[in-house]
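Contents: one structure, followed by commentary.
As the structure is a computational prediction, the values presented were derived from the model and not from experiment. These numbers come from the heavy atoms of this one structure, side chains and all, not from hydrogens, waters or symmetry mates. Residue numbers begin at 1 in each chain, while the letters A, B, ... track the order of the sequences.
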Amino acid sequence: MTRNIMSTLSFEIHPFQSYSSSSFQIENPKPNLLNSSSKESTVDIIHAKVIKNGTIQHLHVGNYLLNLYVKSQNLGYAQELFDEFSDRDVQSWTILIAGFNRIGSSKMALDLFTKMQKESISPNKFTFSSVLKCCASVNDLRMGKAIHGLITRDGIILDVVLVNSILDFYVKCGAFNYAEKLFELMTEKDTVSWNIIIGAYLQIGDMQKALSLFRWLPVKDVASWNTIIDGHMRNGLESNALDLLYQIVEIGPVFNEATFTIALVLVSSLSILELGKQIHGRVLRIGIHNDGFVRDSIIDMYCKCGQMEKASVIFQSLPQDFVRHNSKISWDESVVGSISCSVMVAGYVLNGRLEEALKVFGTMVREQFEVDKFTLTTIVSACANVGLLELGQQIHGHLLKIGHKVDVFLGSSMIDMYAKCGRLDDAWSIFRQTNVRNIVLWTSMISSCALHGQGREAIRLFELMQNEGITPNEVSFVGVLTACTHAGLVKEGHKYFKLMKEVYGIKPGVEHLTCMVDLLGRAGRLDEIKDFIYENAISHLTAVWSAFLSSCRVHKNIEMARWVSEKLLELEPFEAGAYVLLSNTCATNHRWDEAAKLRGLMQEKGVKKHPGQSWIQLKNRVHTFVMGDRSHPQEAEIYSYLDNLIGKLKEIGYSTDVNLVMQDVEEEQKEVLVSFHSEKLAIAYGLICTSHGTPIRVMKNLRVCTDCHNFIKTCENAVEEALGVN
DNA sequence: TTAGGGTTAG
């Protein structure tokens with residue numbers, strides 16, 4: 001039976017509560033769409049009746065009932081019923097085997113098949129078809145071959161349907177030679193046979209062969225079209241897939257559910273919202289919007305096109321019944337399944353709405369939905385983005401406990417999560433434990449080293465990865481270039497930039513170009529940046545000028561800063577960053593009047609700067625602070641603690657760095673302003689609330705300022721406890 | 001025979 005991960009999950013998602021003007025608020029979700037009703041299902045009623053009138057004693061009635069439970073994916077009851085049978089025929093076994101296979105419990109199904117043989121029940125062609133499907137889904141080529149042998153040995157009549165299922169099995173297990181041979185030997189072939197073999201060519205990426213067979217195929221059914229469109233999409237040929245989709249509209253058969261699903265996935269990957277809406281409209285007109293596949297694809301399409309409100313409306317409008325694997329489910333097909341929830345979680349994460357993602361996830365846990373590795377991957381990624389180390393660790397522990405294999409997706413997001421939460425060692429340990437490593441997993445580890453300033457290590461990994469025959473992609477280059485930047489490895493940076501363009505043929509994107517500007521800028525080579533910008537014809541890129549400006553500030557070059565910010569503001573007159581950076585540069589150079597002018601200009605134009613925020617998670621609450629925040633219930637205690645702490649730190653050499661305060665105010669007042677930066681408030685609160693030796697992790701939406709950086713450093717020097725502050 | 005959800009940068 002499919003294992004419901006949550007049945008062994010020990011953690012609970014507690015409601016978070018946050019104070020102050022937080023953008024990160026996780027409340028106890030209101031179960032508005034989650035009032036699961038436990039209405040008695042139709043199968044149960046039938047069950048009760050046949051028991052009462054005694055017809056359950058008849059095998060065919062029992063099998064009929066068994067089939068009803070299986071069809072409603074109610075395998076627990078199906079198994080119970082099956083166990084109660086005094087007599088079982090091949091049909092009883094086959095129904096149950098197929099049922100377990102359908103819900104993804106291929107192992108259970110195969111065990112049943114073994115038991116059935118032990119009881120000397122001869123399988124029929126339906127049994128064989130089902131068992132072959134199981135072999136395909138657990139990728140057991142050997143077992144499948146043995147079944148193939150059994151079919152031949154037992155003299156089962158090889159009708160085209162059965163041969164097709166053998167053919168399909170070989171294709172799914174990647175045994176193309178067997179499939180090709182079998183296909184050649186087939187005396188009778190139907191469209192299904194052709195569809196399977198076309199699918200095989202698509203699977204190995206032989207587009208020409210697949211397309212020529214498809215063109216030649218005299219009778220193309222909707223599955224032929226679905227196969228060829230989907231195959232193009234999976235091979236990264238989205239525009240060809242779109243052409244084919246238009247062709248099926250013109251000359252092909254009527255769409256079925258699969259066509260709509262494929263079309264919606266295509267639309268999502270191309271982000272063509274308008275077409276997606278049209279498809280949605282057609283789905284509604286035809287009335288197949290309650291099909292699970294179609295519905296989830298529609299929700300996903302809106303998520304991927306950034307239309308979370310629309311996605312949420314559809315999600316919330318679904319009937320208030322829930323499908324949970326292995327539990328009683330409604331007969332009504334239009335129920336929210338765990339995949340719908342999973343899609344919503346992923347959508348919220350994708351669109352940066354992490355608190356909402358966690359809300360849906362919390363509901364899934366509470367309502368005992370099946371939380372599979374898809375959902376967990378997304379949640380771990382959400383943890384990475386907000387620094388929820390505890391939840392990430394709990395998921396990790398849970399995976400260990402249930403012995404769940406960490407695949408490349410989960411592995412990558414866990415590496416990222418640990419690294420972003422300041423635990424590079426744990427990121428390494430995940431990396432070392434993985435036996436299958438794809439480009440994303442490698443890149444996660446490379447970027448993690450880069451994030452922690454371990455440039456040389458990142459480069460070593462990058463080289464190791466290449467030696468293993470993995471081709472770096474554009475993200476890997478962002479990682480290695482960032483590593484060079486953070487470690488001041490200018491020469492290496494140039495080397496990899498060249499490698500990317502010339503050896504791997506990757507066109508530098510904004511991220512790579514910005515990295516290069518940053519690399520030169522940190523090394524103080526401001527003049528070289530100018531050359532770089534003009535050589536690469538990238539003077540139209542805002543991000544590049546922002547990086548340049550930030551370098552000007554670091555190197556206190558006010559003339560250059562003025563010139564750069566002019567360029568930047570020409571491109572982006574409402575970009576707060578330019579004003580802030582330039583005025584900070586002016587302030588650093590004590591040009592108060594200029595700084596004030598810029599502030600005035602900002603106000604005049606209505607340019608708003610993102611307020612700096614810091615938050616800390618203590619127990620199950622997230623406490624958020626902004627500069628000079630007085631909204632926290634314990635504000636008096638926080639301020640007096642901080643005041644006291646700063647006093648003590650000053651005794652051992654800390655002095656407030658007021659250069660970053662852009663206002664022209666008295667020195668004393670400047671000191672007050674930097675003293676109440678949000679991160680200091682969060683740290684103070686963390687120190688108040690935790691016992692000696694507890695690491696303190698503070699998350700921020702902006703970069704830490706120099707003064708806070710020094711403040712933390714002095715804290716670390718002063719106190720022996722390692723304050724694991726990010 | 002065909003179809004849905006997940007990872008890395010920014």
Side-chain angles (χ1 to χ4, degrees), chain A residues 129 133 160-161 164-165 167-169 171-172 189-200 202 220-231 233-234 255-266 268 291-301 303-304 337-347 349-350 352 370-382 384-385 406-417 419-420 427 434 438-448 450-451 472-482 509-512 514-515 543:
Chain A
S129 284
K133 268 189 203 159
V160 66
V161 177
N164 281 344
S165 58
L167 187 67
D168 181 53
F169 154 75
V171 170
K172 288 215 171 95
K189 290 170 188 148
D190 61 4
T191 311
V192 174
S193 329
W194 286 101
N195 289 348
I196 295 171
I197 212 75
I198 291 172
L202 292 166
K220 298 182 187 63
D221 61 7
V222 67
S224 322
W225 284 92
N226 292 344
T227 307
I228 199 83
I229 297 172
D230 186 60
M233 197 164 61
R234 284 180 200 272
F255 280 32
N256 67 4
E257 286 87 346
T259 325
F260 280 108
T261 307
I262 294 165
L264 284 160
V265 175
L266 180 61
S268 308
D291 175 87
F293 275 85
V294 176
R295 177 230 302 142
D296 293 342
S297 310
I298 290 172
I299 298 176
D300 189 52
M301 181 272 295
C303 290
K304 297 243 166 79
S338 20
I339 295 182
S340 314
C341 300
S342 188
V343 168
M344 281 309 287
V345 173
V349 173
L350 182 74
E370 190 198 0
V371 174
D372 59 14
K373 59 183 177 177
F374 287 84
T375 318
L376 290 179
T377 304
T378 317
I379 288 300
V380 172
S381 157
N385 291 321
V406 173
D407 65 8
V408 283
F409 290 95
L410 252 173
S412 308
S413 57
M414 288 210 316
I415 290 170
D416 182 50
M417 181 272 295
K420 286 199 177 128
T434 51
N438 70 351
I439 180 62
V440 178
L441 193 106
W442 277 98
T443 304
S444 305
M445 198 60 232
I446 292 168
S447 308
S448 298
L451 185 72
N473 65 14
E474 60 278 13
V475 186
S476 327
F477 277 105
V478 174
V480 79
L481 290 174
T482 321
V510 187
E511 294 87 359
H512 307 108
T514 315
C515 268

Between [options], which nucleotide gets closest to the side-chain atoms of [X]?
X       : options                : result
E257(A) : dA3(B), dA9(B), dT1(B) : dA3(B)
S381(A) : dT7(B), dG6(B), dT2(B) : dT7(B)
A258(A) : dA9(B), dG5(B), dA3(B) : dA3(B)
T375(A) : dG6(B), dG5(B), dT2(B) : dG5(B)
R234(A) : dA3(B), dA9(B), dG5(B) : dA3(B)
E511(A) : dA9(B), dT1(B), dG5(B) : dA9(B)
K304(A) : dG6(B), dT7(B), dT2(B) : dG6(B)
T443(A) : dT8(B), dA3(B), dT7(B) : dT8(B)
K420(A) : dT1(B), dG5(B), dA9(B) : dA9(B)
I196(A) : dT8(B), dT1(B), dA3(B) : dT1(B)

Does a donor on one side chain sit under 3.5 Å from an acceptor on the other, for [X] and [Y]?
X       : Y       : answer
S413(A) : S381(A) : no
S165(A) : D168(A) : no
N195(A) : D221(A) : yes

Measure from [atom1] on [X] to [atom2] on [N] and round the result to the nearest Å.
X       : N       : atom1 : atom2 : answer
I298(A) : dA3(B)  : CD1   : P     : 18 Å
I439(A) : dT8(B)  : CD1   : P     : 14 Å
L350(A) : dG10(B) : CG    : P     : 16 Å
M233(A) : dG5(B)  : CE    : P     : 8 Å
I415(A) : dT8(B)  : CD1   : P     : 11 Å
L202(A) : dT2(B)  : CG    : P     : 12 Å
I228(A) : dA3(B)  : CD1   : P     : 13 Å
M414(A) : dG6(B)  : CE    : P     : 18 Å

Which is true for [X] with a 4.0 Å heavy-atom rule: it touches a base, it touches only sugar-phosphate, or it touches nothing?
X       : answer
I339(A) : base
V265(A) : sugar-phosphate
K189(A) : nothing
S444(A) : sugar-phosphate
D190(A) : nothing
D168(A) : sugar-phosphate
V475(A) : base

Check your understanding: Distance-only, no hydrogens or angles: does the S342(A) side chain make a donor-acceptor pair with backbone N or O of S338(A) under 3.5 Å?
Key ->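 Answer holds: no.
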
Check your understanding: Does H512(A) use its side chain to pair, donor to acceptor, with the backbone of L481(A) at less than 3.5 Å?
Key ->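 No.
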
Practice item. Classify the side chain of T377(A) versus the base of dG6(B) as yes if they form a donor-acceptor pair under 3.5 Å and no if they do not. Key: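 Pair found.
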
Review point. Any N or O donor-acceptor pair linking the side chain of D407(A) to the base of dG6(B) at under 3.5 Å?
Key: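 Indeed there is one.
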
Taking OP1 and OP2 of [N], is either one under 4.0 Å from a side-chain nitrogen or oxygen of [X]?
X       : N      : result
K220(A) : dT2(B) : no
S193(A) : dT1(B) : no
K172(A) : dT2(B) : yes

Check your understanding: Quick one: salt bridge (charged side-chain N to carboxylate O under 4.0 Å, His left out) partners of K220(A), sequence neighbours excluded?
Key ->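 Scan of K220(A) (salt bridge (charged side-chain N to carboxylate O under 4.0 Å, His left out), adjacent residues dropped) gives none.
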
Point to revise | D190(A): side-chain contact (heavy atoms from CB on, under 4.5 Å) partners, not counting sequence neighbours | key: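 Once residues adjacent in sequence are excluded, the partners of D190(A) under the side-chain contact (heavy atoms from CB on, under 4.5 Å) criterion are V160(A), N164(A), V192(A), S193(A).
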
